[in-house]
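None of these values were measured; they are calculated from a predicted model. We count ligands from 1, going down the list as the structure has it; atoms in each ligand are counted the same way. Hydrogens, waters and symmetry mates are skipped; everything else that's a heavy atom, side chains included, is used. By convention here, the first residue in the shown sequence is residue 1.
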Amino acid sequence: MTLLEIFPSLRAAMAPRLDPAVWPITTGHDDRGRIRVGGVALDDIADQYGTPTYVLDEDDVRHRCHAYRTAFPEAEIAYAAKALLIRAVADWVTREGLSLDVCSDGELAVALSAGVDPGRIILHGNAKPAAELRAAVSAGVGRIVVDSHTEIRLLSSLAQRRQKVLVRATPGIDIHGHSAVTTGIDDQKFGFPLTDGHLDAAVRLVLEQPNLELVGLHCHLGSQISDSSLFATAVERIVAQMGRIRREHGVILTHLNLGGGHAVPYLPGDPELDLTGLARVVDDALDDACARNRFPRPALTLEPGRAIVARAGVTLYRVLSIKTVRDGRTFVAVDGGMSDNPRVALYGARYDIAVANRHPTGAHTAMTVVGRHCEAGDVIARDVLLPTDLHPGDVLAVPCTGAYHHSLSSSYNAVGRPPVVAARDGRTRQLIRRETVADLMAREAGL
Ligand SMILES: Cc1ncc(COP(=O)(O)O)c(C=O)c1O
């Protein structure tokens with residue numbers, strides 16, 4: 001008999017360290033060495049709901065909301081729903097005092113059906129169809145961020161009463177991140193550059209519309225930003241524009257929306273945006289810019305998405321097969337892949353990964369975890385350390401998969417999308433059920 005068999009609690013003590021920076025706050029091990037989230041063994045969730053499955057730690061989501069409310073007691077925090085929108089999530093974040101930023105009529109419908117106050121909803125998007133604008137005005141959405149001259153005219157013609165709007169500005173700030181998520185520079189599709197009169201022409205046009213009330217400016221610099229000083233530069237530039245708008249048009253804008261993009265770590269050691277530091281830097285920048293431009297301090301809105309939900313999510317997969325190829329690389333194939341996590345293929349994202357159903361005690365070696373889809377680029381984690389005794393049937397858990405996973409998922413290869421299961425206080429609750437082949441077939445028009 002081994003020591004571990006005599007003292008099972010030793011397993012929990014010896015279990016590999018799961019970095020709290022990337023795993024949900026309630027992560028731990030049970031006395032069999034299995035990983036637990038929200039008080040439930042991930043292995044049990046895999047058995048009950050099948051794999052792949054997205055697990056969501058409700059306490060983690062609420063904890064992130066609370067951290068924002070504490071760091072920014074006077075600012076409006078509008079959760080960017082594109083990161084993950086499910087009715088339950090809309091309910092949790094709004095109960096924690098957050099507003100909601102939506103970017104389609106679909107997201108708007110989910111938010112409204114969760115009972116979110118339309119006055120606390122902000123609608124975004126670089127190309128909003130007429131039906132979407134119509135749905136937003138008839139729901140009474142609080143603010144709409146306008147992004148083109150056509151849209152400004154269209155919205156004015158659709159508005160049933162004076163609609164509050166912000167103009168999306170492009171402050172010319174390069175976050176030096178992935179080009180797909182760099183949105184503060186002039187050469188991309190969002191917003192109006194501050195240069196060459198683009199922003200001014202949009203502001204003028206809004207002010208000419210009888211049904212629109214210009215209340216502020218909005219910008220979003222991009223995603224995964226860990227340097228707070230970039231937000232200070234944005235404040236400086238946007239408040240300077242607000243000062244100019246007052247001088248030239250006699251209008252005092254009262255809202256400054258700085259967007260989201262706050263960095264979270266995906267791997268141990270990755271940088272993270274420090275909220276307390278951000279609060280201080282933005283506060284100082286607002287003081288300076290308002291004093292310099294003799295402009296009254298506008299109300300501040302931040303729109304974090306990833307920073308609210310990324311770390312709450314863990315994706316579970318079951319190992320289907322393991323093979324080693326000629327150069328010695330070992331491929332571990334699982335039952336999900338790029339349909340539930342396209343971020344590796346899209347952005348070259350990297351992930352931590354762990355065996356969830358047992359405590360692996362033996363040697364570990366580098367392996368590459370791949371999906372089941374028909375592309376060689378269908379990779380989940382490259383060169384990660386996994387136990388040499390890994391075998392088909394083992395459950396793998398990938399942390400930091402709460403943001404832009406369910407919302408970016410597809411049914412590629414006619415593989416249905418995974419369920420989303422919330423875990424809290426030792427209980428699970430299915431928030432979204434698994435998409436079945438019957439669901440996919442139901443969209444077919446027939447022969
Ligand atoms: C306008 C706007 N606000 C907020 C966000 C949220 O970004 P993140 O999830 O990186 O915080 C995005 C993301 O694309 C966005 O476009």
Side-chain angles (χ1 to χ4, degrees), residues 61 64-65 67-68 71-72 75-85 89-90 93 98-104 107-108 111 120-128 132 136 141-148 151 165-171 173 175-185 188-192 216-228 230-231 234 238 255-266 270-275 278 282 300-313 342-343 346-347 349 400-408:
V61 175
R64 307 291 169 192
C65 295
Y68 270 94
F72 298 93
E76 174 188 42
I77 308 298
Y79 168 61
K82 66 203 76 180
L84 171 68
L85 187 62
V89 173
V93 300
L98 273 55
S99 306
L100 211 68
D101 142 27
V102 301
C103 67
S104 72
E107 287 186 355
L108 176 61
R120 291 178 62 192
I121 297 179
I122 305 168
L123 174 69
H124 281 282
N126 69 302
K128 307 175 193 70
E132 192 166 288
V141 158
R143 282 151 285 163
I144 298 181
V145 181
V146 291
D147 210 308
S148 76
E151 179 186 302
V165 300
L166 287 85
V167 172
R168 177 144 176 179
T170 318
I173 296 169
I175 62 164
H176 299 290
H178 194 285
S179 62
V181 291
T182 297
T183 50
I185 55 170
Q188 50 75 49
K189 68 176 185 172
F190 294 100
F192 298 97
L217 297 179
H218 172 281
C219 69
H220 172 72
L221 306 182
S223 279
Q224 284 295 73
I225 304 169
S226 54
D227 176 1
S228 303
L230 295 171
F231 293 100
I238 300 281
H255 287 63
L256 167 55
N257 186 325
L258 275 185
H262 308 162
V264 304
Y266 280 83
D270 279 355
E272 172 177 1
L273 185 69
D274 164 38
L275 288 192
L278 177 68
V282 167
L300 179 69
T301 300
L302 299 176
E303 296 177 336
R306 190 186 315 260
I308 299 288
V309 292
R311 288 156 291 192
R343 294 190 66 259
L346 280 174
Y347 315 118
C400 214
T401 52
Y404 305 105
H405 285 75
H406 169 68
S407 62
L408 274 179

A.B. asks: Identify, with sequence neighbours excluded, every residue that meets salt bridge (charged side-chain N to carboxylate O under 4.0 Å, His left out) alongside Arg168.
C.D. replies: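 Residues passing salt bridge (charged side-chain N to carboxylate O under 4.0 Å, His left out) with Arg168: none at all.
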A.B. asks: For ligand 1, find each of its N or O atoms that sits under 3.5 Å from a protein N or O atom, and tabulate the pairs with distances to one decimal place.
C.D. replies:
from	atom 1	to	atom 2	distance (Å)
ligand 1	3 (N)	Glu303	OE1	2.8
ligand 1	9 (O)	Arg306	N	2.8
ligand 1	9 (O)	Tyr404	OH	2.6
ligand 1	10 (O)	Ser223	OG	2.7
ligand 1	11 (O)	Gly261	N	2.8
ligand 1	11 (O)	Gly305	N	3.0
ligand 1	16 (O)	Lys82	NZ	3.2

A.B. asks: Sequence neighbours excluded, which residues qualify as ring pair (Phe, Tyr, Trp, His ring centres under 6.0 Å) partners of His405?
C.D. replies: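 For His405 the ring pair (Phe, Tyr, Trp, His ring centres under 6.0 Å) partners, ignoring immediate neighbours, are Tyr351.
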A.B. asks: Checking ring-ring contact (aromatic ring centres under 6.0 Å, His included) for the pair His218/His124: CA distance, chi angles, key distance, verdict?
C.D. replies: CA-CA 10 Å; His218 172 281; His124 281 282; 4.5 Å; yes
A.B. asks: Would you call the rings of Phe231 and His262 parallel, tilted or perpendicular if under 30° counts as parallel and over 60° as perpendicular?
C.D. replies: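 The arrangement is perpendicular - the two ring planes meet at more than 60°.
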A.B. asks: I want to check something: taking the side chain as every heavy atom from C-beta on, are Val145 and Asp101 in contact at a cut-off of under 4.5 Å?
C.D. replies: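 With C-beta onward as the side chain, the pair stays apart.
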A.B. asks: Who are the salt bridge (charged side-chain N to carboxylate O under 4.0 Å, His left out) partners of Glu151, not counting sequence neighbours?
C.D. replies: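 Result, salt bridge (charged side-chain N to carboxylate O under 4.0 Å, His left out) vs Glu151: Lys128.
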